Amino acid sequence: MEEKNSTQVHMFLLLGFPALPDLHVLFSIVFLLTYILTVLENVVIIALIKTNCELYKPMYFFLGHLSFIEVWYVSVTIPKLLANFIAEDRSISFVGCMTQLFFFSSFMCTECVLLSAMAYDRYVAICQPLRYPVMMTYQMCVYLVVVSWFSGFTVSLIKISFISQLNFCGPHVINHFFCDVSPVLSLACTDTSLAEVVDFVLALFVLLVPLFITVVSYLLIVMTILRIPNTQSKKKAFSTCSSHLTVVTVFFSATLFMYARPKKIDPFDLNKLVSAVYTIVTPSLNPFIYCLRNQEVKRALKKALCEKMSVSKVSLLSTCKDK
């Protein structure tokens, strides 16, 4: 026991992107702007949904929670990545690494389940429109959101409880830009078989079950849309779920590639690239995907901007009169 304690690693180094040292300044600016943009986009969506009564619908209730997840999702990884680039501080403590891994995994798993709940909402809206107000009540929406958060954090807690019990005694360099399962497991100097199996099974469960629900929902949606005789009605029905389908396709493709396989592998730069897609790029694009194709959200945004401009004009006129 004393020998293990003497070699136990208490600090890791995040390798990041060592092959591109000349582009660190450019990457810092890009990632910083992306982070600010992502947070602002999702905060605007949350504010619109909270303040506009036209958006008090199940679809936007779920979208508000998705935006809330995205804000924290990017906040778990990007600030530390910026610290690596700007301050050149690549170190992260063992506790900090496990904490980052826990929250990253929690938000990712929660988003998986929430996306399937949104798919179910679209299924009810298109396939059973007359029963939609009865089936998708506020209580039902709250229940689906609570299940999403509870399942996401529970799965992550189980995974981290196994990983954190391993001994890490060098090398202490994590070949990634954040603490992810695969590169962390590769540093363990004890048997990781149990941790790998638990993580693999839980990854399959939290990914494949929501994916199955999503695929079945959209198969039923497509079958229903194809039976609609009017072409214009078909386009209208499909437009209500096309944005969600786009987000689901990108998110599940990347996460299945990264996590639905045994974990103790040699991480390549391709893994970092795929990770960057669903940790940085996707959260910044989701608000555009959802809102630019959604007339109700665009109307709510225009209304909010018009009201803001009206208030500004009134304040300006009052100031001029006072003078």
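Counting from 1, the numbers follow the sequence of the chain as shown. Note that this is a predicted model, so its numbers are computed, not measured.
Nearest heavy atom pair, residue His176 against residue Pro183, reads CD2-CG, 3.7 Å. Nearest approach of Tyr218 to Leu245, heavy atoms of both residues: OH-N, 3.6 Å. Of all the heavy atoms in Thr224 and Ile126, the pair that sits closest is CG2-O, 3.8 Å. Between Pro287 and Pro283, the shortest heavy-atom contact is CD-O, 3.2 Å. Across all their heavy atoms, Ile92 and Cys179 have their closest contact at CD1-SG, 4.0 Å. In plain terms, the two heavy atoms of Lys159 and Ser105 that are nearest each other are NZ-OG, 3.3 Å.
Judged by distance alone, the side chain of Thr192 and the main-chain N or O of Ala195 form no donor-acceptor pair under 3.5 Å. The closest donor-acceptor contact from the side chain of Ser161 to the backbone of Ile158 lies under 3.5 Å.
Neither side chain, Thr214 nor Tyr120, offers a donor N or O lying under 3.5 Å from an acceptor on the other.
If you chain together hydrophobic residues whose side chains sit under 4.5 Å apart, Tyr138 and Leu66 fall into the same group. No single ILVMFWY cluster, assembled from side-chain heavy atoms under 4.5 Å apart, contains both Phe162 and Val201. Clustering ILVMFWY residues whenever any of their side-chain heavy atoms sit less than 4.5 angstrom apart, transitively, puts Val206 in the very cluster that holds Val146. A single hydrophobic cluster is not seen to contain both Phe150 and Met118; linkage of ILVMFWY side chains at heavy-atom distances under 4.5 Å, directly or through other members, places them apart. At a threshold of 4.5 Å between side-chain heavy atoms, the hydrophobic network of Ile, Leu, Val, Met, Phe, Trp and Tyr places Tyr56 and Phe61 in two separate groups.
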Would you please test Ser193 and Asp191 for side chain to side chain donor-acceptor pair (under 3.5 Å) and show each step?
CA-CA 6 Å; Ser193 300; Asp191 184 24; 2.8 Å; yes

Please determine whether side-chain contact (heavy atoms from CB on, under 4.5 Å) holds for the pair Tyr132 and Val134, giving the CA-CA distance in whole Å, both sets of side-chain angles, and the decisive distance to 0.1 Å.
CA-CA 5 Å; Tyr132 185 74; Val134 178; over 6 Å; no

Are Leu185 and Leu166 close enough, and set up right, to give a side-chain contact (heavy atoms from CB on, under 4.5 Å), and what steps lead you there?
CA-CA 9 Å; Leu185 280 179; Leu166 299 173; 3.6 Å; yes

Would you please test Ile78 and Val74 for side-chain contact (heavy atoms from CB on, under 4.5 Å) and show each step?
CA-CA 6 Å; Ile78 296 184; Val74 296; 4.0 Å; yes

Working for side-chain contact (heavy atoms from CB on, under 4.5 Å), residues Cys141 and Met136:
CA-CA 6 Å; Cys141 293; Met136 296 305 298; 4.1 Å; yes

Chi angles and distances behind the side chain to side chain donor-acceptor pair (under 3.5 Å) call for Tyr60, His65
CA-CA 9 Å; Tyr60 301 113; His65 280 270; over 6 Å; no

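When the options Leu48, Val43, Ile49 are evaluated for a side chain to side chain contact (heavy atoms under 4.5 Å, CB included) with Ile45, the one that passes is Ile49. If you run side chain to side chain donor-acceptor pair (under 3.5 Å) between Glu70 and each of Thr38, Thr282, Asn286, only Asn286 comes through.
Note on ring orientation: taking the six-membered ring where Trp is involved, the planes of Trp72 and Phe68 are perpendicular (angle over 60°, cut-offs 30° and 60°). Note on ring orientation: taking the six-membered ring where Trp is involved, the planes of Phe251 and Tyr73 are tilted (angle from 30° to 60°).
Side chains of Pro210 and Phe252 form a contact here, defined as non-hydrogen atoms less than 4.5 Å apart. Side-chain atoms of Phe177 and Thr279, non-hydrogen and from C-beta on, do get closer than 4.5 Å to each other. Using a 4.5 Å heavy-atom threshold, the side chains of Leu114 and Val145 count as touching. Counting heavy atoms from C-beta outward, Ile174 and Cys97 have side chains that approach closer than 4.5 Å. Between Arg90 and Phe12 there is no side-chain heavy-atom pair separated by less than 4.5 Å. By the 4.5 Å heavy-atom criterion applied to side chains, Met135 and Met140 are not counted as neighbours. You'll find the side chain of His172 stays beyond 4.5 Å of the side chain of Met11, heavy atoms only. For the pair Cys189/Phe168, no side-chain contact is recorded, criterion being any heavy-atom separation below 4.5 Å from C-beta on.
Counting heavy atoms of neighbouring residues, nucleotides and ligands inside a 6.0 Å radius, atom CZ of Phe205 does not exceed 12 of them.
For Phe107 and Phe153, the gap between ring centers is short of 6.0 Å.
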